[in-house]
Amino acid sequence: MRGGKLIIFSAPSGSGKTTIVKHLLNQPELNLAFSISATSRPRRGKEKHGEHYYFMTLSEFKRHIKDDDFLEWEEVYRDNFYGTLKKEVDRLWAEGKNVIFDIDVVGGLRIKKKFPDQTLAVFVKPPSVDELKIRLKKRSTESDDKINMRIAKASVELATAPQFDAVIKNYDLQTALDEAHKLVAEYIGVEIKGKK
Ligand code: 5GP
């Protein structure tokens with residue numbers, strides 16, 4: 001495997017990294033494509049197979065682990081497996097794209113370790129764990145139990161921030177979007193459209 005740049009956005013669930021990743025995907029000069037992960041978790045709301053995730057059963061997921069099909073995988077929450085298929089990154093590189101990932105901190109750091117010379121790993125920091133709780137409740141796509149599980153994990157994840165190449169504080173969304181755009185443009189080596 002080789003090819004374009006790898007841009008990783010990792011953060012506790014509810015930090016706003018998905019919003020940041022979507023914003024970056026809308027910037028044509030960055031030439032980014034989203035790495036669609038595989039997951040064994042159930043579909044949420046309007047999520048589509050092959051767009052947000054490749055949804056699969058737990059046994060399908062485990063078969064892919066056995067067949068060594070993953071670049072990285074994690075049991076992010078109990079019985080909820082998530083992973084990046086090698087084939088997915090190959091597919092996007094073959095299209096000449098830089099690949100952007102929205103993955104958990106362990107997976108993000110694992111990819112960085114595998115491709116140290118072509119990866120920018122960014123950690124998105126929420127204002128506080130309390131604010132995370134508020135955001136997850138507002139999203140109201142999950143039960144209280146699941147939300148509490150995500151909050152418990154958040155503290156552990158926050159401690160990994162120093163291992164990333166950059167940390168973006170998502171206290172004000174527009175500031176975070178601009179900062180992320182600038183950071184990725186610099187890493188890829190392109191100018192932001194409309195700016196000199
Ligand atoms: P969610 O269930 O909210 O979509 O995702 C839960 C967590 O799993 C998020 O932190 C998300 O970034 C992470 N995740 C999504 N895809 C992958 C993946 O391919 N690998 C890893 N390690 N984590 C992932």
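Just so you know, residue 1 is the first one in the sequence shown, and it goes up from there. Ligands are counted one by one from 1 in listed order, and the atoms in each one are counted from 1 as well.
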Taking only non-hydrogen atoms of Arg150 and a 4.0 Å limit, the atoms of ligand 1 in range are 1 (P), 2 (O), 3 (O), 6 (C)
Would His181 and Glu29 count as having a side-chain donor-acceptor pair, cut-off 3.5 Å? yes
Ligand 1 atoms nearer than 4.0 angstrom to some heavy atom of Arg44 are 1 (P), 2 (O), 3 (O), 4 (O)
Within 4.0 Å of some non-hydrogen atom of Arg41, the atoms of ligand 1 are 1 (P), 2 (O), 4 (O)
Checklist entry - What orientation do Phe70 and His64 show, parallel under 30°, tilted 30 to 60°, or perpendicular over 60°? => result perpendicular
* So, Glu88 versus Ser35: side-chain donor-acceptor pair below 3.5 Å or not? -> no
Nearest heavy-atom contact between Val124 and Lys17 is CG2-CB, 3.9 Å
Of all protein heavy atoms, the one nearest atom 20 (N) of ligand 1 is Glu72 OE2, 2.7 Å
- Side-chain donor-acceptor contact under 3.5 Å, Thr18 with Asp102: yes
Does Phe9 share a hydrophobic cluster with Leu173, counting links as ILVMFWY side-chain heavy atoms below 4.5 Å and allowing steps through other members?
yes
Salt bridge between Lys114 and Glu72, side-chain N to carboxylate O under 4.0 Å? no
Within 4.0 Å of some non-hydrogen atom of Gly83, the atoms of ligand 1 are 18 (C), 19 (O), 20 (N)
Atom 13 (C) of ligand 1 sits nearest the protein heavy atom Asp104 N, 3.5 Å
Has Tyr77 got any heavy atom lying under 4.0 angstrom from an atom of ligand 1? yes
shortest atom 7 (C) of ligand 1-to-protein heavy-atom contact is with Val76 CG1, 3.9 Å
| Connected via hydrophobic side-chain network under 4.5 Å: Val21 and Leu85 | yes
Ranked by distance from atom 9 (C) of ligand 1, the top protein heavy atom is Lys17 NZ, 3.7 Å
Glu74 heavy atoms within 4.0 Å reach ligand 1 at atoms 22 (N)
Side chains of Glu131 and Ser128, donor plus acceptor under 3.5 Å
no
Any N or O on Ala38 sitting closer than 3.5 Å to an N or O of ligand 1?
no
If you compare Leu85, Asp102, Val106 by their heavy atoms, the one closest to atom 12 (O) of ligand 1 turns out to be Asp102
Purely on distance, is any nitrogen or oxygen of Tyr82 under 3.5 Å from one on ligand 1? yes
When every non-hydrogen atom of Phe81 is compared with those of Thr39, the smallest separation belongs to O-OG1, 2.9 Å
protein heavy-atom neighbour closest to atom 19 (O) of ligand 1 works out as Ser37 OG, 2.7 Å
The atoms of ligand 1 lying under 4.0 Å from a heavy atom of Tyr53, numbered in the order shown, are 1 (P), 4 (O), 5 (O), 15 (C), 16 (N)
